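Source: prediction; values computed, not measured. This chain uses plain numbering: 1 for the first residue, then up along the sequence.
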Amino acid sequence: MYAITGITGKVGGALARALLADRLPVRAVIRDIEKGRFWASQGCEIARAEMQDPASLTAAFTGTDGVFILFPSEFDPAPGFPEARAVIAAVKAALESARPNKVVCLSTIGAQSTKSNLLTQRTLMEQALGELPMPITFLRPGWFMENAEWDVASARDKGMIASFLQPLDKPVPMVATADIGQVASELLQQNWTGKRVVELEGPKRVSPQDIGTIFAKILGHAVRVEVVPRKTWQALFESQGMLHPLPRIQMLDGFNEGWIDFEGGQASTIKGKVELQTVLQELVDRAG
């Protein structure tokens, strides 16, 4: 039995589909029973749990061969990342009590960085869960290709996308969530000892200009890419309702300045199979 948190999201869903395709038993760990009905119809066992509640998580993780941990994303964290720390403490306590045979955690590119930024939440997770006694793998993917979902309407309606990733011709490690789910499935089915890190990116690195070019090909009209000036970021994010934009700004700086990257370098990463055009086509089709 494999317990999966975050199954209602893109990565967790892709992982569940991969395990089910291999005819393996899946326990969907969810907060909202209504959202779990689809997975129940696919043959999954359902376990209700809150990510900050050690007792419900312990019950969900008990009796499993493997557990997949996907921490909820907090895009506007308070100083010191208290939201992430609460979830980390609950998950760690539950894993210590349940003692699954192995654990795979979704982490991130740059989790090894010592500079504070939005991704530090995953750094804290690795530090805490890395102390657990069971075999544990931290899967560190690159920038999600699906982040381009926010650009579909602008590319379609205005022939323009705005980029925080700069310079516009700089290739960035990106990966499709389908590849993340597939690799997570493969990792869960492996046997290993101790703690390990697996870093994952797509078939090739992608620049913002590449995204604009592929959008243009799919949409059938020109799509220009414009830089969002660095000096405007804080005011822009605050106008969008963010209370603490600094971690997000620091993360973007890390990608642009190069200190958020894979710890082992490009040569050591696993390469996914899904191309950017496939992902962008799906996003455009879904948007209608």
Taking the side chain as every heavy atom from C-beta outward, state whether [X] and [Y] have any pair of such atoms under 4.5 Å apart.
X      : Y      : value
Asp65  : Tyr2   : yes
Arg205 : Pro173 : yes
Phe75  : Leu118 : yes
Phe71  : Gln121 : no

In terms of side-chain geometry, is the basic nitrogen of [X] or [Y] positioned less than 4.0 Å from the acidic oxygen of its partner?
X      : Y      : result
Glu131 : Lys92  : yes
Glu50  : Arg48  : yes
Glu146 : Arg286 : no

Identify the two heavy atoms, one from [X] and one from [Y], that lie closest to each other, and give their separation to 0.1 Å.
X      : Y      : answer
Leu200 : Asp179 : CD2-O, 4.0 Å
Val87  : Met51  : CG1-O, 3.6 Å
Glu83  : Asp76  : OE2-O, 4.4 Å
Ser268 : Glu199 : OG-OE1, 4.1 Å
Leu165 : Leu168 : O-CD2, 3.8 Å
Thr5   : Ile69  : OG1-CA, 3.3 Å

| message | Are there over 12 heavy-atom neighbours, none belonging to Lys273, within less than 6.0 Å of that residue's NZ? | response | no
| message | Quick one about Ser207 and Asp210 (side-chain donor to acceptor, distance below 3.5 Å, no hydrogens or angles considered), yes or no? | response | yes
| Are side-chain N/O atoms of Glu238 and Gln234 paired as donor and acceptor at under 3.5 Å? | yes
| task | Report the relative orientation of the aromatic rings in Phe237 and Phe164; use parallel for angles under 30°, tilted for 30 to 60°, perpendicular for over 60°. | result | tilted
Measure the [atom1]-[atom2] distance between [X] and [Y] for me, rounded to the nearest 0.5 Å.
X      : Y      : atom1 : atom2 : result
Leu119 : Phe255 : CG    : CZ    : 5.5 Å
Trp192 : Lys102 : CH2   : NZ    : 6.0 Å
Ser107 : Met125 : OG    : CE    : 4.0 Å
Phe215 : Leu280 : CZ    : CG    : 4.5 Å

| field | Under 3.5 Å: donor-acceptor pair, side chain of Ser154, backbone of Asp151 | value | no
| query | Is the side chain of Gln52 donor-acceptor paired with the backbone N or O of Ala89 at a distance under 3.5 Å, no angle test? | reply | no
